[in-house]
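Note sheet for the following structure.
Values reported hereafter were calculated over all heavy atoms of this structure, with side chains retained and with hydrogens, waters and symmetry mates removed.
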Number of protein chains: 2
Amino acid sequence: MEDPSQIIQKLQTCGLRPSAPRKTLLAYLMGCDHHPTPYELLEGLKLSGHPISIATLYQNLQVLSEAGLIRKFVDADGTARYDANTSAHHHLHCTACGRILDLDLSDELASALVALGTTANWQVQKIQLDLEGLCERCQIRLSALQD
Amino acid sequence: MEDPSQIIQKLQTCGLRPSAPRKTLLAYLMGCDHHPTPYELLEGLKLSGHPISIATLYQNLQVLSEAGLIRKFVDADGTARYDANTSAHHHLHCTACGRILDLDLSDELASALVALGTTANWQVQKIQLDLEGLCERCQIRLSALQD
DNA sequence: ATCATTGCAAACTGTTTGCATCAAG
DNA sequence: CTTGATGCAAACAGTTTGCAATGAT
């Protein structure tokens, strides 16, 4: 969990009132190593002892996204997911356990991809990359099952 | 529009009855150069003079996807889209006009991306790449507006 | 004649909105 | 005290399902 005063400051810097639900939600997301769905957030916050209403949850996911404090993306199944890491834009997605890891792209690779668009006369502004497959754990787990 | 008898054959090869709605839907999708949403399909088929019910539409989008005759994907906004091109898996997405074009990836680039996962001990099965930006038309249109 | 497919209507999931209450500045 | 945020409940969009009627083999 993050330092409470830092959370408050982050919110105020963006011109947002540090209400209880907002602080809880932002702190929770910053302490997450995965990329929870709205439903997972609702349940997680409930379990953490700081439940918030579903309307407030959705309102704040939108507000915090617009403020740039969190990021929304849609996975290959069409499920909305959120994280507090606003830098990494790519993902490793395990098709077996559903885990989604952040992934960084080298500059060379990124420009090679941008070039793909340029040759089609497109001006590429954002690369969205999703590598789907099996994480280490699931590879081991599944190969063990085959024996 | 495709040859009607070819459409029928494609369906029968997959063990699907060539009912009127199925033939219309598959032919329509094969004649599409974009990637329509279910709603766009519903409207498009209505306009083409061969309306089908929404339940039948969704049922068949699923059946045809499972048969491998069409492909479903979810765009960055979370909207479901379908196309009859089952080979290309990558897209150029214009953020201004919403147009989505298919994109092919060179083998070198593809293996460079797979390697990214490998270094993280993942076994990559599918690369999903989405380049967002401005298409040629919209670049011209928008720069003209600025004058 | 049999069995898959259609299409209506109703159900369901995920998300948004109206609005009275409440809390932060 | 003023203004923005909460949270219930109701509305909404996209999708799925139950089921009687229909159409293909």
Query - Non-neighbouring partners of A:Ser106 that pass side chain to side chain donor-acceptor pair (under 3.5 Å), sequence neighbours left out - result: none

Report task. To the nearest Å, give me how far apart CG (B:Asn60) and P (D:dT16) are. Result -> 12 Å

Query raised in the report: How long is the line joining CZ of B:Arg22 and P of C:dA4, in whole Å?
Result: 11 Å

Report task. Could you identify which residues cluster with A:Ile140, counting Ile, Leu, Val, Met, Phe, Trp and Tyr as linked when any side-chain heavy atoms lie under 4.5 Å apart, either directly or through a chain of such contacts? Result -> none

Report summary line: Residue set satisfying side chain to side chain donor-acceptor pair (under 3.5 Å) with A:His90, at least two apart, ordered chain then number -> none

Report task. Take the C1' atoms of the five end pairs on each side of the helix from C:dA1-D:dT25 to C:dG25-D:dC1, get both axes, and report the angle to 10 degrees. Result -> 30°

Query raised in the report: Is A:Ser19 near enough to C:dA24 that one of its side-chain N or O atoms lies under 4.0 angstrom from OP1 or OP2?
Result: no

**Report entry** B/S/- contact track for nucleotides 11-23 of chain C, protein heavy atom under 4.0 Å
**Finding:** ---SSBB------

Requested in this report: Name every residue in residues 40-50 of chain A that has at least one heavy atom under 4.0 Å from any atom of DNA chain D, in order of residue number, or write none if there are no such residues.
Outcome: none

**Report entry** All side chain to side chain contact (heavy atoms under 4.5 Å, CB included) counterparts of A:Gln9, not counting sequence neighbours
**Finding:** A:Thr13

Report task. Just jot down the side chain to side chain contact (heavy atoms under 4.5 Å, CB included) partners of A:Leu101, sequence neighbours excluded, or say none. Result -> A:Leu92, A:Arg99, B:Trp122

In residues 52-78 of chain B, what donor-acceptor pairs under 3.5 Å come from side-chain atoms, sequence neighbours left out?
residue: B:Ser53; atom: OG; partner: B:Ala55; partner atom: N; Å: 3.4
residue: B:Ser53; atom: OG; partner: B:Thr56; partner atom: N; Å: 3.2
residue: B:Ser53; atom: OG; partner: B:Thr56; partner atom: OG1; Å: 3.0
residue: B:Asn60; atom: OD1; partner: B:Arg22; partner atom: NE; Å: 2.8
residue: B:Asn60; atom: ND2; partner: B:Thr56; partner atom: O; Å: 3.1
residue: B:Ser65; atom: OG; partner: B:Leu61; partner atom: O; Å: 2.6
residue: B:Arg71; atom: NE; partner: B:Asn85; partner atom: O; Å: 3.2
residue: B:Arg71; atom: NH1; partner: B:Ala88; partner atom: O; Å: 3.3
residue: B:Arg71; atom: NH2; partner: B:Asp83; partner atom: OD2; Å: 3.4
residue: B:Arg71; atom: NH2; partner: B:Asn85; partner atom: O; Å: 2.9
residue: B:Arg71; atom: NH2; partner: B:Ala88; partner atom: O; Å: 2.4
residue: B:Asp75; atom: OD1; partner: B:Asp77; partner atom: N; Å: 2.9
residue: B:Asp75; atom: OD1; partner: B:Gly78; partner atom: N; Å: 3.2
residue: B:Asp75; atom: OD1; partner: B:Thr79; partner atom: N; Å: 3.0
residue: B:Asp75; atom: OD2; partner: B:Arg81; partner atom: NE; Å: 2.8

Report task. Let me know the distance between CD of B:Glu66 and P of C:dT5, rounded to the nearest Å. Result -> 12 Å

Query raised in the report: For A:Asp130, which residues count as a salt bridge (Lys or Arg N to Asp or Glu O under 4.0 Å) partner, sequence neighbours excluded?
Result: none

Query - A:Glu132 side chain vs A:His93 backbone, donor-acceptor pair below 3.5 Å - result: no

Requested in this report: Using the test salt bridge (Lys or Arg N to Asp or Glu O under 4.0 Å), find all partners of A:Glu43 that sit at least two apart in sequence or belong to another chain.
Outcome: A:Lys46

Report task. Take the protein atom NZ of B:Lys23 and the nucleotide atom C1' of C:dT5, then report the distance between them rounded to whole Å. Result -> 13 Å

Report task. Using atom CG of A:Leu64 as one end and atom P of D:dA5 as the other, report the distance to the nearest whole Å. Result -> 11 Å

Requested in this report: Could you check how far CD1 of B:Ile52 sits from P of C:dC8, rounded to whole Å?
Outcome: 11 Å

Requested in this report: Using side chain to side chain contact (heavy atoms under 4.5 Å, CB included) as the criterion, list what pairs up with B:Ala20, not counting sequence neighbours.
Outcome: none

Requested in this report: For A:Leu57 and D:dA5, give me the distance from atom CG to atom C1', rounded to whole Å.
Outcome: 14 Å

Query - Expected output: side-chain B:Gln123 to main-chain A:Cys138 donor-acceptor under 3.5 Å - result: no

Query raised in the report: How would you label the contact of A:Thr56 with the nucleic acid (heavy atoms, under 4.0 Å): base, sugar-phosphate, or nothing?
Result: base

